[in-house]
Amino acid sequence: MARKGPFRVALTFDAEHPDRPSTTGVQERLLEHLAALDVRATFFVQGRWAEAYPETARRIATGGHLVGNHSHYHARMPLLSARGLSSDIRAAQKAVIEATGVDPRPWFRCPFGSGAGDQRVQRHVREAGYRHVGWHVAGIDWPVERTAADVEASVVDGAMTHGDGCVVLLHTWPDRTEAALEGIASRLREAGAEFVRVDELAPELVPDVQVSDVPSEFV
Ligand SMILES: [Zn+2]
């Protein structure tokens, strides 16, 4: 099922405090692995995570990856007040700049994608100087019952089906994500894919909301 290349795939990783079991050092190994594979990607960085792991956060930027804002507290943003929204976005921005040296504007992703379609939330996101980035394909790398092979299959099949300009959702902390990288990179490249950062795609190709439906048992 080789797709007629070339087509561009933007892997995106939410860099955040793990909310499921995760092996110490896996986020650093993920960055080393991406470098070894010569894959540039986009990282949405949680402010409090950047405060806790400033060296790892800095390595994202020095590795040539695009840095975005993934909120400070990783709350479901529709639950926040107007003041809460603007202070959360700005706190994350400050923490990300301090750790990475890079201004994450204009790239923002709501935790869980929650609030992507919420006009009040998005007004605050825009007023803070951001645009929201959703995804076309979810690697579904967070459930404990998923294997690296499952994640690889979701990403490869999803990107091949979507074609050029595919934005893929992944996370930095699951062991299975790091384990799936090799297969994702080699199989997609074999099919003609080129890995790009979100800022290399035309703005209208970057989805504002999550297009893929994650099966309800995984939400
Ligand atoms: Zn997240």
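We count ligands from 1, going down the list as the structure has it; atoms in each ligand are counted the same way. One is the number of the first residue; the rest follow in order along the sequence.
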(request) Determine which of the N, O or S atoms in H70 is closest to the Zn ion (ligand 1) and give its atom name. (result) NE2
(message) Can you tell me which N/O/S atom of H74 has the shortest distance to the Zn ion (ligand 1)?
(response) NE2
(message) Which atom name would you report as the N, O or S atom of E16 nearest the Zn ion (ligand 1)?
(response) OE1
(request) Scan side-chain atoms only and decide if S154 and R146 contain a donor-acceptor pair under the 3.5 Å cut-off. (result) yes
(message) I'd like to know: is the Zn ion (ligand 1) within the 2.8 Å range of an N/O/S atom from D14, strictly under that distance?
(response) no
(message) Are R58 and V102 packed together at the side-chain level, in the sense that at least one heavy-atom pair is separated by less than 4.5 angstrom?
(response) no
(request) Without swapping roles, check the side chain of Q122 against the backbone of G115 for a donor-acceptor pair under 3.5 Å. (result) yes
(message) So if I apply the side chain to side chain donor-acceptor pair (under 3.5 Å) rule between E16 and each of Q27, R48, H70, which one comes out positive?
(response) H70
